[in-house]
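Numbers restart at 1 for each chain; the letters A, B, ... are given by sequence-line order, proteins then strands. Since we're looking at a predicted model, the values are computed, not measured.
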Amino acid sequence: MIAIVDCNSFYCSCERLFRPDLNNRPVVVLSNNDGCIIARTDEAKALGVGMAGPYYQNKEVIEKNNVAVFSSNYNLYGDLSMRVMDTMRFLVGDNRVEVYSVDEAFLNLDDVAENKLAAVAKNIKDTVEMWTGIKVSVGVAPSKVLSKVANRLSKKYKKETQGVIVLHTAQQIQEALLKTKVEDIWGVGRQSAIKLNHQGITDGWQLRNVPVEWARKNLGGVVGVRLIKELNGTPCIPMKDPLEVKKMIATTRMFGKPVYELKDLKEAVATYVSRAAEKLRRQHCAASFIDVFVVTNGFKNAKYEYNPQSAHRHVILPNATSNTNEFIKYALPLIEMLFTPGLKYLKAGIILSGIVPDNSIQGNLFIEDATKQQRTLMNTIDNINFSQRDDIIKYAASGLKRNWKMRQELRSKRFTSRWNELYEIK
DNA sequence: TCTGGGGTCCTAGGACCC
DNA sequence: TCTGGGGTCCTAGGACCC
């Protein structure tokens, strides 16, 4: 059996943890640049605040109802996420936890006796909440897709379920699927939902009974087949090895305000490259492929409309590396090639791939010493920056003023990672 | 005036090989 | 004049996830 543990309105819960006065007030958290709403508490949902909706479109209802609004504070959320995950690892064992996202993890409960599942799930929930202060919901079922179904219902019917649902018998599974619309099933996106509804398939139980061959033809080939099998209780999406490394690392941001100068674009690209290289080194890997892209504001019908257009350039490095210097050296010419004077740039980003473990980098005898020195330098910079959860040490190419940086006007304090922002009790 | 960021997996089609 | 069958690898793009 598999459990999914999911933090309730995670970002909002993090904010409330240090602001107990907000416990009965609706709270929302905004995306980078304060653009979209990316987390809402139940109270905010009840007011009709839309998920992933633009902030400005919801401003009226937010102000009228005294909703507390925060810019995203990734320092804080990352730190609390680590505590939640560590707690679960302690409870069920390191290699039985698959961190699926910042606020969710799959747990392998294969070794738990069937009659103990509910008690174990409840204990996981209570312990995480007691140790971290973050509320979670737990869904347990024979497959990942069904555990997500269980988890969703445990949230929806919080009062009756106490935030825990175990789907075990055929009857429990059928009842749960009957209560779940196809578009609420993990793996069914907008396109598939439209197709299914067209066929008169609207709930999870109907979807479960769709012929496998129909799913292969109409729901994305093997992806669709897997989905149907998972709904039937046959696990087809295995638990991931916690040691698996990322195959692609991207850093991209909208600019705080539109950018017109090559100089600013170069600073941004150098900054993003530094961040991505740091993530790469954290998983002890090197990369040989770098893609740089920009998003410009297109124009439609000669009048202004939001109509973004993107352009990419990439280069394959002669040797995989994890050295920020190297990446910057290759990335800056790419952005120069992409730049067209006069265009309005909204966003830039870089993607590293061709990722290999850094102990398997093809050796070059003549650069060995320099490489070792560089590695030491990188480690030192990473250690200092990690201890501050910020890029205290940066490359000159990243610029100093950085007036393209994103807006975060409503960010709370970094309570858990800065001495001078500690929570104070008077 | 204003619409996030970071991933995964799959498929189709082209280039290339024997 | 006629032009196979089987395979690999790579890339772009789509769909989906939180």
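For Cys36(A), whose side chain is taken as the heavy atoms from C-beta onward, the closest listed nucleotide among dC18(C), dG4(B), dG7(B) is dG4(B). Taking only side-chain atoms of Lys240(A), from C-beta outward, the nucleotide of dT8(B), dC10(B), dG6(B) with the closest atom is dT8(B). Distance from the side chain of Ser192(A) is smallest to dC16(C) among dG7(B), dC2(B), dC16(C). When each of dT3(B), dT8(B), dC18(C) is scored by its nearest atom to the side-chain atoms of Met248(A), the top-ranked nucleotide is dT8(B). Minimum atom distance to the side chain of Tyr100(A) is reached by dC17(C), of the listed dC17(C), dC9(B), dG6(B). Distance from the side chain of Glu104(A) is smallest to dC18(C) among dC18(C), dG7(B), dT3(B). In the set dC9(B), dT3(B), dC18(C), dC18(C) carries the atom at the smallest distance from any side-chain atom of Trp186(A). The side chain of Ile316(A) lies closest to dT11(C) when the candidates are dG5(B), dG7(B), dT11(C). Taking only side-chain atoms of His314(A), from C-beta outward, the nucleotide of dG7(B), dC18(C), dA12(C) with the closest atom is dA12(C). The Lys246(A) side chain lies nearest to dT8(B) when the options are dG5(B), dT8(B), dG4(B).
Rounded to whole Å, the distance from CD1 on Ile37(A) to C1' on dT3(B) is 11 Å. In this structure, Lys247(A) atom NZ and dG6(B) atom P are separated by 19 Å, rounded to whole Å. Remark: P of dT8(B) and CG of Leu352(A) are 12 Å apart, rounded to the nearest angstrom. If you measure from atom CZ of Phe289(A) to atom P of dC10(C), you get 12 Å, rounded to the nearest angstrom. Atom pair Phe293(A):CZ and dG5(B):C1' shows a separation of 9 Å (rounding to whole Å applied). Summarising the geometry, the separation between CD1 on Ile4(A) and P on dC18(C) is reported as 9 Å, rounded to the nearest angstrom. Atom CD1 of Ile351(A) is separated from atom C1' of dG5(B) by 11 Å (rounded to the nearest Å). Whole-Å rounding puts the Arg190(A) CZ to dA15(C) C1' distance at 12 Å.
Nucleic acid contact for Ser72(A): none, since no nucleic acid atom lies under 4.0 Å from a heavy atom of the residue. The residue Lys148(A) sits close only to the backbone: its heavy atoms come under 4.0 Å of sugar-phosphate atoms, none of a base. Arg226(A) comes within contact range of the sugar-phosphate backbone alone, with a heavy-atom separation under 4.0 Å but no base atom that close. Asn33(A) comes within 4.0 angstrom of nothing in the nucleic acid, heavy atoms only. Among the atoms of the strands shown, only primed sugar atoms or phosphate atoms (P, OP1, OP2) are found under 4.0 Å from some heavy atom of Val222(A). Across all strands, Ile350(A) comes closer than 4.0 Å to no nucleic acid atom at all (heavy-atom distances).
Remark: side-chain polar atoms of Glu230(A) are paired, donor with acceptor, to backbone N or O of Cys236(A) under 3.5 angstrom.
Cation-pi geometry between Lys347(A) and Phe293(A) is not satisfied (NZ or CZ under 6.0 Å from the ring centre, within 45° of the ring normal).
When only modelled atom types and interatomic distance are considered, Asp358(A) and Ser322(A) share no side-chain donor-acceptor pair under 3.5 Å.
An OP1 or OP2 oxygen of dT3(B) is reached within less than 4.0 angstrom by no side-chain nitrogen or oxygen of Ser31(A). Considering only side-chain N and O atoms, Lys257(A) lies nowhere under 4.0 angstrom from the phosphate OP1 or OP2 of dT1(B).
Rounded to whole Å, the separation between the C1' atoms of dG4(C) and dC17(B) comes to 14 Å.
Side-chain contact between His314(A) and Ile290(A): absent, with no pair of heavy atoms (C-beta onward) separated by less than 4.5 Å. Within the 4.5 Å cutoff, the side chain of Val145(A) has heavy atoms near those of the Ile185(A) side chain.
Stem list for DNA chain B (at least 3 consecutive Watson-Crick or G-U pairs, distances under 3.5 Å): B:5-18 with C:5-18.
Remark: of the listed residues Phe70(A), Phe415(A), Tyr77(A), Phe415(A) is the sole one forming a ring-ring contact (aromatic ring centres under 6.0 Å, His included) with Phe18(A).
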